[in-house]
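Shown next, in structure tokens, is the structure this report addresses.
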Amino acid sequence: MMSTLNVKFPQSQKIGKDGTLTYNSAFTRKFNENLNDTQTYLDTMVGTYLQDYVSYKTGTQMKSIILANTYGKGYVLINVPYAEYQAYSTRIKKRVGKRGTRPFERMKADKKDSILKQTEAYARRING
């Protein structure tokens with residue numbers, strides 16, 4: 001004797017007559033908005049923490065992180081011409097506290113767990 005298995009889908013999914021699975025357009029729109037909001041939050045967190053690690057003689061690199069970025073694109077810019085030289089030069093060895101060469105790598109090593117936990121908590125809040 002063969003029994004049938006009833007599978008219940010959430011209201012966001014529908015099975016068409018031809019057997020295809022489709023998502024409700026309102027669900028996909030909300031999902032994409034939440035995903036974009038989470039990416040923006042992650043970029044903002046990285047930019048905020050990175051400001052403490054870039055070189056600070058005049059504050060130009062730190063200010064450029066705030067001014068040059070459109071958060072939500074998946075990357076954070078330090079938009080000054082000498083930033084790459086200061087960040088990756090083998091000639092510069094001097095560090096003052098957190099500031100110095102390889103700022104992103106050092107920030108990631110220090111703050112990765114905190115950023116991931118905060119971003120996960122944010123994503124859970126907005127997804128209800």
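The figures that follow rest on heavy atoms only: side chains count, while hydrogens, waters and symmetry mates do not.
- The CD atom of Glu120 lies 4.5 Å from the CZ atom of Arg124; values are rounded to the nearest 0.5 Å.
- Between the side chain of Asp43 and the backbone N or O of Lys73, at least one donor-acceptor pair lies under 3.5 Å.
- With values rounded to the nearest 0.5 angstrom, Ile126 atom CD1 is found 3.5 Å from Thr38 atom OG1.
- Residues Val46 and Gln51 are not in side-chain contact: their nearest non-hydrogen atoms beyond the backbone lie 4.5 Å or more apart.
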Side chain to side chain contact (heavy atoms under 4.5 Å, CB included) for Ile115 and Met107? Distances and angles first, verdict last. CA-CA 10 Å; Ile115 291 171; Met107 183 275 302; 3.8 Å; yes
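- Remark: Gln39 CD to Thr119 OG1 distance equals 9.0 Å, nearest 0.5 Å.
- Rounding to the nearest 0.5 Å gives a distance of 5.0 Å between NZ of Lys111 and OH of Tyr53.
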From CA spacing to verdict: side chain to side chain contact (heavy atoms under 4.5 Å, CB included), Tyr122, Asp37: CA-CA 9 Å; Tyr122 177 79; Asp37 289 346; 3.9 Å; yes
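- To the nearest 0.5 Å, atoms CG (Leu50) and CE (Met45) are separated by 12.5 Å.
- Atom NZ in Lys108 sits 13.0 Å away from atom CZ in Arg106 (nearest 0.5 Å).
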